[in-house]
Undergrad: 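Below are the structure tokens for one structure; questions will follow.
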Amino acid sequence: MNRIKNITPADKAAYQAAKSRWDSIAKPLGSFGLLEEMIQKIAAVQGTADVDISVRTAVVMCGDHGVVSEGVTQCGQEVTAECAKAIAEGRSNINAVAAAFNAEVIAVDVGIAADVDCGRLIKRKVVYGTRNITQGSAMTAKETEAAIVTGMDMVKELREHGTKIIVTGEMGIGNTTPTAALASVLLDLPPEQVTGRGAGLSAEGLQRKINVVRQAIEVNRPYRNDAYDVLQKLSGAEIAAMTGLFLGGAYYRVPVVIDGVISAAAAAVACGMTPLCREYMLASHCSGEPAGEGLLAFCGLTAPINAGLRLGEGTGGVLLLPLLDGALALYRNSHRFDETNIERYAELK
């Protein structure tokens, strides 16, 4: 955890060099919008205007939640293990989408309630499912730290093997409930404003979920200004591990993509722990869950995709990759003012 204290700002000179390259292209200044900013941001993370995202990995953190016993989901905890195995074996939603954009997918067991018989599932278990947050803290301080460290170590390993950009994903039945609790505390909003239907709940089920979120906050009384405390009391192992991915991205200087609302909650916690983390994050889409936009705003980020996505597993995050590829095609290959007779645009105040 000492690594967190040594996170430094991204490279401002590389950011400006990338901006100058954009401004040299024969087009109206800033006309590729948010995607220009994202390429500049990646340049700052990588320390060079020669941006490279050719090797990309989606990391799907997997874990279970004791709060499922409160009836906040349509299905049981056992589905987490089945879905984690499918992801590890390349048969799930994220695998289908990632394959289209040349992204590797890895699944990591940090908190599944059972041991999963799957050789391709990376085993980094820190807890056999987190505790019911309506009864007390989701995790101990030791478990929380272990999950965060797992995420940071994963970034280190991937960077050493050539990964240039990481997409965060998760699998954990019931995890939109702790996410709503995290959002309620971090955004200082009542549970009914940040709690959605998740994978699908009736009106009655949604009200029950809102009540569960409220009870969890009342029982645990987390300190809003202490993001680690909020994480320990209200989250889950896979959420803490994703927090570690964001912290690790900042420490090891690898850009990390936020997926949906659960990933955004982990990103918000990371920003709460170390605000510099936001310089290393990229938002992909604004989740269809009610807390999505607020959590991204907490991180100071805007998502380029707003399509009501709420599938999870990193699927929405991977959709950012072709947009970045398109932006890089323009950034690298388009004609420039000094190569044409087109008059350079002036920056107007």
Side-chain angles (χ1 to χ4, degrees), residues 1 3-4 6-8 10-11 38 41-48 50-63 84 87-90 92 94-95 97-111 118-126 146-171 237-259 262-263 266-267 270 274 276-284 312-321 324-325 328:
M1 294 288 282
R3 287 174 289 185
I4 298 173
N6 294 319
I7 290 172
T8 57
D11 189 332
M38 286 188 162
K41 195 170 185 179
I42 297 171
V45 173
Q46 296 182 341
T48 175
D50 295 322
V51 170
D52 180 3
I53 59 167
S54 59
V55 183
R56 56 278 297 262
T57 306
V59 181
V60 184
M61 296 295 187
C62 307
I87 294 167
E89 293 177 346
S92 193
I94 179 59
N95 308 98
V97 179
F101 308 121
N102 195 32
E104 181 188 10
V105 179
I106 60 175
V108 186
D109 174 8
V110 285
C118 176
R120 294 186 180 181
L121 179 65
I122 298 172
K123 312 293 175 55
R124 303 288 173 86
K125 197 188 295 286
V126 300
I148 291 173
V149 168
T150 295
M152 296 188 74
D153 288 347
M154 187 62 60
V155 177
K156 178 176 184 290
E157 293 172 25
L158 290 172
R159 185 177 186 273
E160 289 172 349
H161 286 87
T163 292
K164 302 298 184 183
I165 188 169
I166 292 171
V167 177
T168 55
E170 43 63 40
M171 169 47 60
E238 84 280 28
I239 299 173
M242 282 194 296
T243 299
L245 289 176
F246 292 114
L247 293 166
Y251 183 78
Y252 293 107
R253 308 186 82 84
V254 178
V256 181
V257 177
I258 301 170
D259 180 35
I262 300 155
S263 176
T274 306
L276 281 174
C277 275
R278 60 174 51 95
E279 296 185 17
Y280 297 83
M281 299 173 178
L282 300 170
S284 59
E313 298 183 19
T315 49
V318 166
L319 290 178
L320 179 66
L321 298 177
L324 295 176
D325 288 339
L328 282 172

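None of the values given here were measured: they were computed from a predicted structure.
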Undergrad: So, K41 side chain and M281 main chain: donor-acceptor pair closer than 3.5 Å or not?
TA: yes
Undergrad: Testing the basics here: between A266 and I239, what is the closest heavy-atom pair and its distance to 0.1 Å?
TA: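 What the structure gives for the nearest pair is CB-O, 3.5 Å.
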Undergrad: Is there side-chain contact between T8 and R253, with at least one heavy-atom pair below 4.5 Å?
TA: yes
Undergrad: Nearest heavy-atom pair of V318 and A58: which atoms, and what distance?
TA: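 Minimum heavy-atom separation between V318 and A58: CG2-CB, 4.3 Å.
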Undergrad: Could you check if a side-chain atom of V254 sits within less than 4.5 angstrom of a side-chain atom of V45, using non-hydrogen atoms only?
TA: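 They are not in contact (no side-chain heavy atoms under 4.5 Å apart), so the answer is no.
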Undergrad: So, taking the atom named CD1 in I148 and the one named CD1 in I4, what distance separates them when rounded to the nearest 0.5 Å?
TA: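 These two atoms lie 6.0 Å from each other.
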Undergrad: Is there a side-chain contact between M61 and R124, using heavy atoms and a 4.5 Å cut-off?
TA: no
Undergrad: Calculate, to the nearest 0.5 Å, the distance between atoms CE and CE belonging to M242 and M154 respectively.
TA: 13.5 Å
Undergrad: Do any N or O atoms from the side chain of T168 and from the backbone of V257 form a donor-acceptor pair under 3.5 angstrom?
TA: yes
Undergrad: Minimum heavy-atom separation for F101 and R56, please, with both atom names.
TA: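 For F101 and R56, the tightest heavy-atom pair comes out as O-NH1, 2.6 Å.
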Undergrad: At what distance, to the nearest 0.5 angstrom, does CD of E313 lie from CD of E170?
TA: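 The CD atom of E313 sits 7.5 Å away from the CD atom of E170.
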Undergrad: What are the two closest heavy atoms between F246 and C277, and how far apart are they?
TA: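 That would be O-SG, 4.0 Å.
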Undergrad: To the nearest 0.5 Å, what is the distance between CG on N102 and CG on L321?
TA: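 Nearest 0.5 Å value for the CG-CG distance: 9.5 Å.
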Undergrad: Can you measure from CG (D153) to CG (L158) and round to the nearest 0.5 angstrom?
TA: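 It is 11.0 Å, given to the nearest 0.5 Å.
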Undergrad: Apply side chain to side chain contact (heavy atoms under 4.5 Å, CB included) to the pair K164 and V55, showing each step before the final yes or no.
TA: CA-CA 5 Å; K164 302 298 184 183; V55 183; 4.3 Å; yes
Undergrad: For the residue pair A237 and A147, what are the closest heavy atoms and their distance?
TA: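 In this case the closest contact between A237 and A147 is O-CB, 3.7 Å.
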Undergrad: Please test L282 against I165 for side chain to side chain contact (heavy atoms under 4.5 Å, CB included), starting from the C-alpha separation and ending with a verdict.
TA: CA-CA 10 Å; L282 300 170; I165 188 169; 4.1 Å; yes
